[in-house]
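Data block below; observations after.
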There are 2 protein chains.
Amino acid sequence: MNNKEKLRNAGLRPTKQRMIIANILLNGVNRHFTAENLQNEINSSGNSMSIATIYNCLKKFRNCGLIKQVESSKETAIFDTNIDQHHHFLDEETGELIDIENEEINLFKLPEIPRGYMNSGVEVLIKLKKQT
Amino acid sequence: MNNKEKLRNAGLRPTKQRMIIANILLNGVNRHFTAENLQNEINSSGNSMSIATIYNCLKKFRNCGLIKQVESSKETAIFDTNIDQHHHFLDEETGELIDIENEEINLFKLPEIPRGYMNSGVEVLIKLKKQT
DNA sequence: CAAGTAGTTTAGAACGGTTTTAAAGTAAAA
DNA sequence: TTTTACTTTAAAACCGTTCTAAACTACTTG
């Protein structure tokens with residue numbers, strides 16, 4: 001399925017701007033990025049786009065499940081093109097994230113989900129520091 | 001050990017402001033809170049404190065290990081008086097966090113830590129949504 | 001195809017949480 | 001007591017993100 005179809009399937013109009021972003025992000029190579037990273041990439045490809053549009057687009061993509069947003073206490077929002085359930089290493093010094101495939105972690109025992117709620121995803125974060 | 005001693009042990013001068021905050025936070029009852037939550041609490045106890053001081057103090061407390069900061073993609077920083085390794089439920093709608101004791105989750109298999117790094121803490125986040 | 005309409009993009013302003021600044025104040029050391 | 005280093009403060013600055021409202025564009029309907 002091409003990116004135009006992906007957008008349509010997600011209920012999004014394939015505008016020029018969304019196609020530029022989809023072509024950068026949805027090429028099968030997983031990555032982490034911020035809105036600013038993406039704007040730099042758009043600029044250096046000879047295009048340009050308002051930062052507001054980039055945020056709008058990332059929010060729409062996220063709400064449609066085309067990308068994910070990572071839970072991280074960094075000041076800037078970090079997005080992830082890997083939408084499968086998976087986990088992360090976090091380099092606490094640099095903030096860099098490294099993917100951990102779901103199968104690499106085995107959660108043997110989980111607590112009872114509070115009444116009235118359902119589990120909507122489990123994320124494991126392994127914090128790293130430089131070896132001394 | 002009283003709070004004055006805790007501050008001294010952590011290498012922090014027990015100033016009036018730090019004592020006010022320590023007395024609120026370090027009373028053995030675990031909780032999550034933001035800088036603003038804390039300021040409201042200080043105000044309603046008849047004291048007052050600059051928001052800059054509150055941030056300074058929370059950062060120092062965190063760096064000394066007296067409190068933790070939670071990994072969360074909320075826009076405001078969330079702190080936690082529970083400094084033991086533990087995990088969280090996250091209500092995705094409200095952002096509310098609920099503690100999960102370390103023993104309630106059993107991580108059966110962990111991935112290999114990247115070369116040159118060491119594991120400095122594992123946090124599991126179980127995202128919750130309202131049952132339909 | 002033309003006209004209408006609903007959705008989208010934009011620059012710039014506004015926002016909100018956090019950090020910086022620089023001056024005044026305080027704790028500890030000498 | 002005097003000195004020194006650290007701390008607090010209000011206000012300004014900062015920075016990532018969202019809002020505004022006007023211009024624009026994709027799609028629908030005739």
Quick one: which protein N/O atoms are closer than 3.5 Å to N/O atoms of nucleotides 23-30 of chain D? Pair and distance per line, please.
residue, atom, partner, partner atom, Å
D:dC27, OP1, A:Arg8, NH1, 2.7

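- Every residue meeting the side-chain hydrogen bond (donor to acceptor under 3.5 Å, both in side chains) condition with A:Lys127, not counting sequence neighbours, appears here in chain and number order: B:Glu123.
- Every side-chain hydrogen bond (donor to acceptor under 3.5 Å, both in side chains) that B:Asn37 has, sequence neighbours left out, goes to B:Thr34.
- A straight line from CG of A:Leu58 to C1' of D:dG16 spans 13 Å, rounded to a whole angstrom.
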Which atom pairs, donor and acceptor, lie under 3.5 Å between side-chain atoms of residues 79-89 of chain B and protein residues at least two apart or in another chain?
residue, atom, partner, partner atom, Å
B:Asp80, OD1, B:Asn82, N, 2.8
B:Asp80, OD2, B:His32, NE2, 3.2
B:Asp80, OD2, B:His86, NE2, 2.9
B:Asp80, OD2, B:His88, NE2, 3.1
B:Thr81, OG1, B:Asn30, OD1, 3.4
B:Thr81, OG1, B:Arg31, N, 2.8
B:Asn82, OD1, B:Asp84, N, 3.2
B:Asn82, ND2, B:Asp99, OD2, 3.1
B:Gln85, NE2, B:Asn102, OD1, 3.4
B:His86, ND1, B:Asp84, O, 2.6
B:His86, NE2, B:His88, NE2, 3.2
B:His86, NE2, B:Asp99, OD1, 3.4
B:His87, ND1, B:Val124, N, 2.9
B:His87, NE2, B:Asn102, OD1, 3.1
B:His88, NE2, B:His32, NE2, 3.1
B:His88, NE2, B:Asp99, OD1, 3.0

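- Listed by first and then second residue, the salt bridge (charged side-chain N to carboxylate O under 4.0 Å, His left out) pairs that reach into residues 102-115 of chain A come to none, sequence neighbours excluded.
- The hydrophobic side chain of B:Val29 is isolated, with no ILVMFWY side chain under 4.5 Å apart from it.
- When heavy atoms are screened at a 4.0 angstrom cut-off, B:Thr76 is found touching the sugar-phosphate backbone but no base atom.
- Every side chain to side chain contact (heavy atoms under 4.5 Å, CB included) that A:Lys59 has, sequence neighbours left out, goes to A:Arg62.
- Looking at B:Glu36 and B:Thr76, their side chains never bring a donor and an acceptor atom within 3.5 Å of each other.
- Within residues 60-70 of chain B, the residues approaching DNA chain D are B:Lys60, by heavy-atom distance under 4.0 Å.
- Evaluation of the side chain to side chain contact (heavy atoms under 4.5 Å, CB included) rule for B:Ser45 yields B:Asn47 as partners, not counting sequence neighbours.
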